[in-house]
2 protein chains.
Amino acid sequence: MRPTVHDIAAEAGVSLATVDRVLNNRPGVRGVTRDKVERAIATLGYVRDVAAANLAKSRSYPLVFVLPEGDNTFMRGLAAEVEAARARSAVERTAITVLSVPAFDAAALAAALEKARTLGPAGVAVVAIDAPEVVAAVDRLREDGIAVVTLVSDLPGSSRDHFAGVDNIAAGRTAGSLMGRFLGGREGPVAIVAGSMLVRDHRDRLEGFRAAMAESAPGRRLLPVVEGHDDPAEVEQLVSKLVVDHADLAGIYSLGAGNRGLITALEKAGRQTDVCAIAHELTPHSRRALSSGTLDALLNQDAGHEVRSAIRVLKARADGLAVIGAQERIRIEIFLKDNLPVEPA
Amino acid sequence: MRPTVHDIAAEAGVSLATVDRVLNNRPGVRGVTRDKVERAIATLGYVRDVAAANLAKSRSYPLVFVLPEGDNTFMRGLAAEVEAARARSAVERTAITVLSVPAFDAAALAAALEKARTLGPAGVAVVAIDAPEVVAAVDRLREDGIAVVTLVSDLPGSSRDHFAGVDNIAAGRTAGSLMGRFLGGREGPVAIVAGSMLVRDHRDRLEGFRAAMAESAPGRRLLPVVEGHDDPAEVEQLVSKLVVDHADLAGIYSLGAGNRGLITALEKAGRQTDVCAIAHELTPHSRRALSSGTLDALLNQDAGHEVRSAIRVLKARADGLAVIGAQERIRIEIFLKDNLPVEPA
DNA sequence: AGATTCTTGATTTACGTACATCAAAAAATC
DNA sequence: GATTTTTTGATGTACGTAAATCAAGAATCT
């Protein structure tokens with residue numbers, strides 16, 4: 001059997017109360033005694049039974065998720081995953097509040113974070129926008145001892161505890177490398193469609209894509225980036241114009257959301273096959289397009305993994321515990337039509 | 001606050017003892033009373049506090065892992081992950097025993113499973129070999145009410161509860177599809193190196209690879225499969241012979257382990273660049289080879305994920321609980337040199 | 001009706017930890 | 001050496017559930 005507080009007390013030759021004082025670093029213990037207890041803990045290899053401790057504390061974790069509004073499937077999926085986590089609240093001892101804010105609006109996001117702060121949660125997860133007022137808002141949360149995890153899009157320069165998302169520079173590089181190899185004999189330029197340069201993840205993907213393209217397909221012409229604000233309608237219009245303006249378009253990289261528009265535009269123009277298209281996020285639309293060949297490759301981040309990871313990290317930080325690094329690293333998933341998971345995503 | 005057994009007792013107008021009888025379906029409750037209690041459970045939305053229940057039961061999960069011996073890095077990594085899980089035993093209330101058996105030896109595996117049965121564990125995880133005696137051994141475990149999860153290599157036709165591993169047909173297809181696209185202008189045949197056709201995962205990968213190659217590179221000649229038994233030395237010898245015998249070799253797909261040998265052979269022969277090489281499992285060697293360009297792509301299954309998933313599923317099955325399907329699906333990871341995770345794997 | 005079985009209630013102990021209180025002992029201060 | 005302060009011990013309650021015991025009540029059978 002694993003040792004309990006009683007065993008430590010016996011081993012150290014002190015009372016249960018003293019062990020408790022040491023374990024929960026309460027005042028009123030001499031240094032010598034504290035050492036004795038800590039030595040006993042070490043020799044017996046005691047680890048606190050977290051379940052019992054939480055039970056005794058009747059611990060619960062009030063958390064706030066700050067998510068962007070918007071019409072794209074990825075963010076709706078993310079919201080659905082948060083909702084699913086909320087349904088597990090009873091089991092996981094969490095109490096999740098969701099705040100929705102307009103997309104790509106730094107001021108609104110900062111205000112929402114301020115509101116989250118007044119709710120006094122144990123932790124906050126936020127899809128960040130890279131702006132000074134957002135950094136300030138996050139830092140204020142941290143000063144109040146509230147754990148903060150950035151979700152999907154990071155906020156470097158802030159004091160957030162953790163980033164639950166993929167390495168977007170690597171994602172962009174991967175897209176570029178695949179594009180370079182997949183283009184094969186095709187001549188002509190490659191277009192890039194972004195959501196907004198305001199968010200860090202899109203800027204990072206762009207940087208990575210350009211770097212990898214320069215290596216794997218040197219000399220290939222890249223058209224200027226266009227911004228579709230993750231909105232299907234806007235993206236469709238932009239891509240329609242691109243394929244008309246560039247009859248010899250060889251490839252297109254969509255690094256943001258709103259790919260319904262991309263797919264529709266390519267199919268309406270009958271350019272599914274001769275344009276090599278690489279996009280992000282597995283949705284019902286992009287899945288279908290990958291199967292049919294309109295899309296050639298898809299990079300994905302699993303929203304469910306990100307949400308669950310964010311919650312694990314927030315709970316751990318709230319308790320001042322370490323996390324299993326490997327388990328919390330979110331992988332970039334690459335899908336071809338050959339490795340699509342069976343059920344709808 | 002979430003409702004407790006006391007609340008149910010009050011709501012149903014029965015005693016605590018009766019609620020307990022219903023919850024743990026103990027005998028001695030009339031149908032009418034049982035219904036009353038179940039209605040109270042439903043209306044209050046009661047969910048049993050698993051932590052408290054485990055505490056009260058002082059539940060622990062004795063588990064047995066049956067792993068193959070052998071010199072390849074993947075299996076050693078798998079063993080290390082099991083060891084890591086064992087270190088977390090105290091927290092996770094598991095007691096893990098590891099049994100090692102000679103690789104590719106069905107009789108030895110069946111004997112080990114029989115031995116595992118005598119240990120009377122709550123669950124068994126096994127890297128399966130596709131043979132009748134192994135199926136029989138697994139079925140015997142299940143008859144004893146022991147949960148069984150196959151790990152890495154599945155055992156269809158047996159009554160195992162779950163397979164903690166990747167879809168290997170899809171993995172093979174993915175390799176074939178990438179190979180087809182990556183070959184580009186290269187002429188010449190493609191070689192296939194397997195570990196052993198005795199294990200299901202290798203057979204599945206081969207099937208998928210052939211199918212996808214037929215689609216993405218029709219007419220391309222595939223050399224007969226050679227078996228390296230996942231042994232680096234044996235694989236090196238086989239591949240060295242292949243590159244000598246086939247001066248125009250365009251590609252090579254290694255669907256098993258022992259890739260140290262593959263890499264060494266290609267590099268010794270100076271054929272790193274002109275042969276497109278795709279292999280499985282991220283190890284220090286394959287990582288280096290991918291960075292340097294000796295390998296063009298790498299498919300990976302995360303051993304850590306598989307072990308943790310196996311444990312979660314075994315615990316859940318032992319308690320007769322359902323599992324979150326999406327969380328237990330092991331993804332096929334595709335690595336190019338651009339999306340290698342930073343730390344050594 | 002009386003004996004027998006089945007169903008229910010009441011109560012207690014246990015799991016491992018957290019936390020509070022009060023008394024006793026030890027150490028530090030004057 | 002007496003007093004104050006600090007440190008330690010002893011003890012009890014709580015968290016939510018499991019599991020056992022014993023007694024009392026209700027239903028069934030003869």
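None of these values were measured; they are calculated from a predicted model.
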* To do: For each nucleotide in nucleotides 22-30 of chain C, reading 5' to 3', give B when a protein heavy atom comes within less than 4.0 Å of its base, S when such contact involves only the sugar-phosphate, and - otherwise.
  => -----S---

Scan side-chain atoms only and decide if [X] and [Y] contain a donor-acceptor pair under the 3.5 Å cut-off.
X       : Y       : result
Q301(A) : E333(A) : no
S100(B) : E69(B)  : no
R331(A) : N300(A) : no

[atom1] of [X] versus [atom2] of [N]: gap in Å, rounded?
X      : N       : atom1 : atom2 : value
L23(B) : dA19(D) : CG    : C1'   : 13 Å
N24(B) : dA20(D) : CG    : P     : 10 Å
R2(A)  : dC15(C) : CZ    : P     : 14 Å
L16(B) : dT7(C)  : CG    : C1'   : 17 Å
Y46(B) : dA18(D) : OH    : C1'   : 10 Å
D20(A) : dT11(D) : CG    : C1'   : 13 Å
H6(A)  : dA18(C) : NE2   : P     : 12 Å

* N/O donor-acceptor pair under 3.5 Å between D302(B) side chain and G304(B) backbone ->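 Looks like yes, one N/O pair under 3.5 Å.
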
* **Expected output: side-chain K315(A) to main-chain E92(A) donor-acceptor under 3.5 Å** => yes

* Does T4(A) or G31(B) map to a spot on DNA chain C nearer the 5' end, using the closest nucleotide for each? ->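 Nearest nucleotide further toward 5': that of G31(B).
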
* **Salt bridge present between R140(A) and E143(A) (N-O < 4.0 angstrom)** =>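 Judged by the 4.0 Å cut-off on N to carboxylate O distance, R140(A) and E143(A) do not form a salt bridge.
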
* Asked: OP1 or OP2 of dG9(C) sitting under 4.0 Å from any side-chain N/O of T18(B)?
  ->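 Checking T18(B) against dG9(C): at least one side-chain N or O falls below 4.0 Å of OP1 or OP2.
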
* With side chains defined as the heavy atoms from C-beta onward, is the minimum distance between D20(B) and L16(B) less than 4.5 Å? ->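 No. Closest side-chain heavy atoms not under 4.5 Å.
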
* Check whether any side-chain heavy atom of L23(B) sits under 4.5 Å from a side-chain heavy atom of Y46(B), and report yes or no. => yes

* A17(A), nearest nucleotide to its side chain (from dG16(D), dA10(D), dG9(C)) ->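 That would be dA10(D).
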
* To do: State which of dC19(C), dT17(D), dT17(C) makes the closest approach to the side chain of R26(A).
  => dC19(C)

* Asked: To the nearest 10 degrees, what angle separates the axes at the start and end of the helix from dA1(C)-dT30(D) to dC30(C)-dG1(D), five pairs each?
  ->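 Between the axes fitted at each end of the helix from dA1(C)-dT30(D) to dC30(C)-dG1(D) lies an angle of 30°.
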
* Asked: Taking DNA chain C as the partner, which of residues 49-59 of chain B come within under 4.0 angstrom of it by heavy atom?
  ->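 Within this stretch, L55(B), A56(B) sit under 4.0 Å of the strand.
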
* Structure fact -> Here the salt bridge (charged side-chain N to carboxylate O under 4.0 Å, His left out) pairs for residues 147-165 of chain B, sequence neighbours left out, are R142(B)-D161(B), D154(B)-R160(B), D161(B)-R317(B)

Taking distance alone, no hydrogens or angles, what donor-acceptor pairs closer than 3.5 Å link side-chain atoms of residues 58-65 of chain A to residues at least two apart or in another chain?
from   : atom 1 : to      : atom 2 : distance (Å)
R59(A) : NE     : D319(A) : OD1    : 3.1
R59(A) : NH2    : D319(A) : OD1    : 2.9
Y61(A) : OH     : D319(A) : OD2    : 2.4

Side-chain polar contacts of residues 3-13 of chain B - donor-acceptor pairs under 3.5 angstrom, sequence neighbours left out - could you list them?
from  : atom 1 : to    : atom 2 : distance (Å)
T4(B) : OG1    : H6(B) : N      : 3.1
D7(B) : OD2    : T4(B) : N      : 2.8

